[in-house]
Student: 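Before anything else, here's the structure in question.
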Amino acid sequence: MKFDATVDIDRFQILAVIGSLFFLAFITYLVRKKKLREDYSLLWLFFGGIFLVLSIWRESLEYISRTMGVAYAPAAIFIILIMSLFMIMIQFSMIISKQANQISMLAQEVALLRLQNSDNADQESEIKP
Amino acid sequence: MDMFPRQSSQLNSKGKGLVDGRVAIIVPAYNEEHSIKSVLEELHSQNPGNWDIIVVNDKSQDNTLQMALEQPNVVIDLPINLGIGGCVQSGLLYAYHNDYSLAIQFDSDGQHVANEIKTLLWSMAESKADVVIGSRFISSFTGQFKSSFMRRLGIKLISLTTTLLTGKTIKDPTSGFRAFNGAAIKLFAHSYPVHFPEPESIILLHKNNLKVHEVSTLMNPRLGGRSSLEKKAFFYMINVLLGMIVSAMRPQEKYKSLDEV
């Protein structure tokens, strides 16, 4: 039995272009609503841009998969996508770690300030007879 | 409210008569132990009486905090490092909550000249702008330090982008030497660009219909240490330009209540 592994490239390409545009529009929406900080928005705008370029320009995909030694072009996208997601996730883990440390420090600062405040209040009430 | 009621003929040499109300001189500081002492001394000597020097220590690792505490300054000691954007914003938040009429950003690396603060104040009174930027690149003082060729090129590129995005030409968009009036303080007190505040804030001001004016001021060359930006200048440039484009995407701020961020 012959296994036909080709996809309907034209239809898929149209979907890919529309999908990329929606993605970019969504990121822009999040930026305008201030739900995304500028620095992280740049990351996703960059990816959206790459998706758009790859979906519009078919030859680039073929070229990339040939360079990577992959016969089936969409498999190349998956590989690149998965590796990119891993790197993004690792970066996020680093950011989360840093923020966890900052929250820790802030919590301790607040606790110490509370202590200092109550100490000051105690001292003041001692001075007044 | 006209906070500049007096005419220039009534000013003393430090421009004391210029402003009704108090001025917050915001001095952001991160690891500037070599220059901050002289910067603060210069500011205090120029104080006509209605300035408050507000040092914002961005969790410096060196003796910056100790040096700031030695003089009669308001010192805001940040518990975590926020970067230049968050640091200046902390000063603006303080200015907002304490009813300052004006805020001036004055860098702690010795590049800014205290004597030129009155230039900013005069310019604000004349132009009725909401923000006045002290520029190195308007007129040419002989011997005016204008920084290296690469940086000037980069600044020209940023300036071009600013013109494209706002229609207004600002020749020195990366200058941190600025005066903010009450409306600008209110705009930025709760939300100020984090990474590249100088050019990005110009775009935000334009978006919120606040007036920006540029005036020529004298500036010194960098005192202590190399700029941390020299190394990866190219990527910095790309980041600035992209950051500005992202800022341009934001809509106008609409505050229904003052607590809405």
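Reminder, nothing fancy here: chain letters follow the sequence lines and each chain counts from 1. All values reported here derive from a predicted model rather than from experimental measurement. Scope of the values below: all heavy atoms of this structure, side chains included, with no hydrogens, waters or symmetry mates.
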Student: Rounded to the nearest 0.5 Å, what's the gap from CG on B/Leu242 to CG on A/Leu43? Could you check?
Tutor: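 B/Leu242 atom CG to A/Leu43 atom CG measures 12.0 Å (nearest 0.5 Å).
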
Student: Would you compute the distance between atom CE of A/Met105 and atom NZ of B/Lys59 and round it to the nearest 0.5 angstrom?
Tutor: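 Between A/Met105 CE and B/Lys59 NZ, I get 3.5 Å after rounding to 0.5 Å.
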
Student: Which atoms of A/Leu45 come close to chain B, meaning under 4.5 Å heavy atom to heavy atom: side chain ones, backbone ones, both, or neither?
Tutor: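 The side chain, not the backbone.
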
Student: Could you tell me the separation between the CG atom of B/Asp77 and the CD atom of A/Glu109, rounded to the nearest 0.5 Å?
Tutor: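 Going from the CG atom of B/Asp77 to the CD atom of A/Glu109 covers 7.5 Å.
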
Student: Name the one of B/Ile245, B/Ile238, B/Val246 that satisfies side chain to side chain contact (heavy atoms under 4.5 Å, CB included) with A/Leu42?
Tutor: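 For A/Leu42, the side chain to side chain contact (heavy atoms under 4.5 Å, CB included) test succeeds with only one of B/Ile245, B/Ile238, B/Val246, which is B/Val246.
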
Student: Looking at NZ of A/Lys98 and CD1 of B/Ile80, how far apart are the two atoms once the value is rounded to the nearest 0.5 Å?
Tutor: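 It comes to 8.5 Å.
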
Student: Is chain B contacted by the side chain of A/Ser41, its backbone, both, or neither, given a heavy-atom distance below 4.5 Å?
Tutor: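 Contact with chain B: side chain only.
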
Student: Is it the case that more than 12 heavy atoms not belonging to B/Lys171 sit under 6.0 Å from its NZ atom?
Tutor: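 Count not over threshold, so no.
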
Student: Which atom pair, heavy atoms only, marks the closest approach of A/Val31 to B/Met249?
Tutor: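 Residues A/Val31 and B/Met249, closest heavy atoms: CG1-CB, 4.4 Å.
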
Student: Taking everything shown except B/Lys37 itself, do over 12 heavy atoms lie less than 6.0 Å from its NZ?
Tutor: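 Open: at most 12 neighbouring heavy atoms sit under 6.0 Å from NZ of B/Lys37.
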
Student: Please say whether more than 12 non-hydrogen atoms of neighbouring residues, nucleotides or ligands are located less than 6.0 Å from CZ in A/Phe78.
Tutor: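 No - once you tally the heavy atoms of other residues, nucleotides and ligands closer than 6.0 Å, there are 12 at most.
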
